[in-house]
A.B. asks: 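Let me begin by handing over the structure; questions about it come next.
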Amino acid sequence: MPNENIGIIGLGQMGSAIAKGLQNEKKTVNGFDPFVKEAAGIRMFSSIPLLAGVSDVLIVAVKPNMVVPVLQELVDAKIIISIAAGISYDTLKKNSPIGSRVIRVMPNLALLASRGALAFYSEDEDAKIVLELFSSLGVSVRVSKETLMDAVTGLSGSGPAYVLSFLHAMTEAGLKEGLSFDEAQSLAMETIEGTMVYFRKLKETDPKVHPMEVRNRVTSPGGTTIHGLDALERGGFTMAVKDAVSKASERSRELGKG
């Protein structure tokens with residue numbers, strides 16, 4: 001199936017990051033954005049129909065409220081990938097030209113560093129399109145039911161904001177204990193990233209290893225870590241994280257209802 005010419009509608013942060021990843025894969029990238037006249041390595045078009053005319057696949061990277069108006073400008077059937085939160089498969093299908101094949105993708109901020117966590121929902125025959133196009137931008141996970149895309153939005157789509165909030169809280173805690181801001185932030189960043197790298201390596205040899213099992217290895221009886229963990233739980237840490245994911249997922253469902 002031809003998918004060498006990719007059209008991207010919307011060249012904000014996500015659209016531009018996807019464009020860069022596709023360029024690294026030697027794809028031809030075409031673009032349309034009313035606020036962007038030039039972009040490195042991208043052939044820009046003055047309208048959506050003109051862009052669509054030369055593109056095998058269209059990636060719609062606009063705000064959720066703009067997805068339907070964009071789709072309604074299309075004339076011919078296309079392979080259409082939407083990265084908008086809350087816009088359902090049925091809405092995409094209903095507003096696309098007859099015969100179009102549609103795919104929902106939910107990326108996150110780490111896409112900008114080619115370390116994105118992407119989930120997608122598609123028909124069976126279209127899954128390989130996503131896996132090929134986004135392989136250089138991070139890990140792609142196909143969900144079995146479209147309703148799970150809202151959970152993906154709440155977990156990984158919004159997740160970078162939770163992690164950055166945790167980073168900031170750790171940094172300020174270090175500052176409170178006498179470290180400089182730069183010292184505390186550097187230590188907190190490396191602690192977060194290093195722990196994830198370590199845990200990933202453990203899973204390579206033992207796919208079933210549980211985070212709590214590893215946590216227990218560094219939690220000595222009566223030691224510093226158990227006192228810190230106890231403070232986290234008294235502050236409602238676990239429930240606060242669960243509630244954040246739940247509320248963000250709920251909001252995604254609301255966006256899908258218009």
Side-chain angles (χ1 to χ4, degrees), residues 10-21 61-64 83-87 104-120 134 136-141 143 148-203 210-212 214-215 218-219 224-225 227-255:
L11 290 168
Q13 282 197 332
M14 286 297 185
S16 296
I18 292 170
K20 183 178 179 182
V62 299
K63 298 293 185 184
I83 67 169
I87 305 302
R104 283 188 65 186
V105 174
M106 173 49 60
N108 68 6
L109 183 67
L111 186 81
L112 301 173
S114 298
R115 291 294 304 273
L118 305 97
F120 68 97
F134 292 92
S136 66
L137 292 171
V139 174
S140 297
V141 175
V143 296
L148 294 174
M149 290 296 286
D150 295 311
V152 169
T153 302
L155 176 63
S156 61
S158 299
Y162 314 151
V163 175
L164 290 168
S165 294
F166 180 55
L167 168 64
H168 182 64
M170 286 188 69
T171 301
E172 287 202 327
L175 190 65
K176 181 180 178 182
E177 293 300 321
L179 295 169
S180 71
F181 183 87
D182 288 343
E183 289 169 341
Q185 187 177 74
S186 179
L187 289 167
M189 287 175 62
E190 192 61 28
T191 298
I192 292 169
E193 183 175 2
T195 301
M196 292 302 98
V197 171
Y198 172 63
F199 186 65
R200 191 182 299 276
K201 286 185 177 295
L202 290 177
K203 286 189 71 67
H210 195 283
M212 293 300 98
V214 182
R215 190 189 77 172
V218 295
T219 308
T224 59
T225 304
H227 281 77
L229 290 171
D230 188 52
L232 280 178
E233 292 311 315
R234 285 202 308 274
F237 177 76
T238 299
M239 289 308 300
V241 173
K242 290 179 179 178
D243 195 39
V245 173
S246 178
K247 291 297 184 182
S249 301
E250 181 182 331
R251 178 56 180 157
S252 179
R253 286 187 284 272
E254 290 172 354
L255 288 172

A.B. asks: Closest heavy-atom contact between Gly15 and Ala61?
C.D. replies: CA-CB, 4.0 Å
A.B. asks: Just to verify, what does Val241 make a side chain to side chain contact (heavy atoms under 4.5 Å, CB included) with, not counting sequence neighbours?
C.D. replies: Phe237
A.B. asks: Which residues pass the side chain to side chain contact (heavy atoms under 4.5 Å, CB included) test with Thr224, not counting sequence neighbours?
C.D. replies: none
A.B. asks: Measure the NZ-CG distance between Lys20 and Leu111 for me, rounded to the nearest 0.5 Å.
C.D. replies: 11.0 Å
A.B. asks: Just jot down the salt bridge (Lys or Arg N to Asp or Glu O under 4.0 Å) partners of Arg200, sequence neighbours excluded, or say none.
C.D. replies: none
A.B. asks: Taking all heavy atoms of Ser136 and all of Ser114, pick out the closest pair and write down the distance.
C.D. replies: O-CB, 3.5 Å
A.B. asks: Are the side chain of Ser246 and the backbone of Lys242 linked by a donor-acceptor contact shorter than 3.5 Å?
C.D. replies: no
A.B. asks: For the residue pair Glu233 and Thr238, what are the closest heavy atoms and their distance?
C.D. replies: OE2-OG1, 2.9 Å
A.B. asks: Rounded to the nearest 0.5 Å, what separates atom CG in Leu112 from atom CE in Met14?
C.D. replies: 5.5 Å
A.B. asks: Quick check against the 3.5 Å criterion: does Thr153 have a side-chain atom that pairs as donor or acceptor with the backbone of Ser249?
C.D. replies: no
A.B. asks: Which pair of non-hydrogen atoms, one from Ala188 and one from Leu167, has the smallest distance, and what is that distance?
C.D. replies: CB-CD1, 3.6 Å
A.B. asks: Do any pairs count as a side chain to side chain donor-acceptor pair (under 3.5 Å) and have a residue in residues 155-171, sequence neighbours left out, and if so which ones?
C.D. replies: His168-Glu172
A.B. asks: Out of curiosity, Leu155 CG to Asp150 CG, how far, rounded to the nearest 0.5 Å?
C.D. replies: 12.5 Å
A.B. asks: Could you go through the salt bridge (Lys or Arg N to Asp or Glu O under 4.0 Å) check for Glu250 and Arg253 one step at a time?
C.D. replies: CA-CA 5 Å; Glu250 181 182 331; Arg253 286 187 284 272; 5.5 Å; no
A.B. asks: Only counting residues at least two apart or in another chain, list the ones meeting side chain to side chain contact (heavy atoms under 4.5 Å, CB included) with Val214.
C.D. replies: Tyr198, Phe199, Leu202, Val209, Arg217
A.B. asks: Can you confirm whether Ile83 sits close enough to Ile18 that some side-chain heavy atom of one is under 4.5 Å from a side-chain heavy atom of the other?
C.D. replies: yes
A.B. asks: Between Val143 and Val152, what is the shortest heavy-atom contact and its length?
C.D. replies: CG1-CG2, 4.0 Å
A.B. asks: With side chains defined as the heavy atoms from C-beta onward, is the minimum distance between Leu109 and Gln13 less than 4.5 Å?
C.D. replies: yes
A.B. asks: Just grab all the side chain to side chain donor-acceptor pair (under 3.5 Å) pairs involving residues 174-188, residues at least two apart or on different chains.
C.D. replies: Ser180-Glu183
A.B. asks: Compare every heavy atom of Val105 with every heavy atom of Pro107, then report the nearest pair and how far apart it is.
C.D. replies: CD-O, 3.6 Å
A.B. asks: Nearest 0.5 Å, what's the OG-CD distance between Ser252 and Glu254?
C.D. replies: 9.5 Å
A.B. asks: What is the distance from atom CE of Met170 to atom CD1 of Ile192, rounded to the nearest 0.5 Å?
C.D. replies: 5.5 Å
A.B. asks: Look up atom NZ in Lys203 and atom NE2 in His210, then write down how far apart they are to the nearest 0.5 Å.
C.D. replies: 9.0 Å
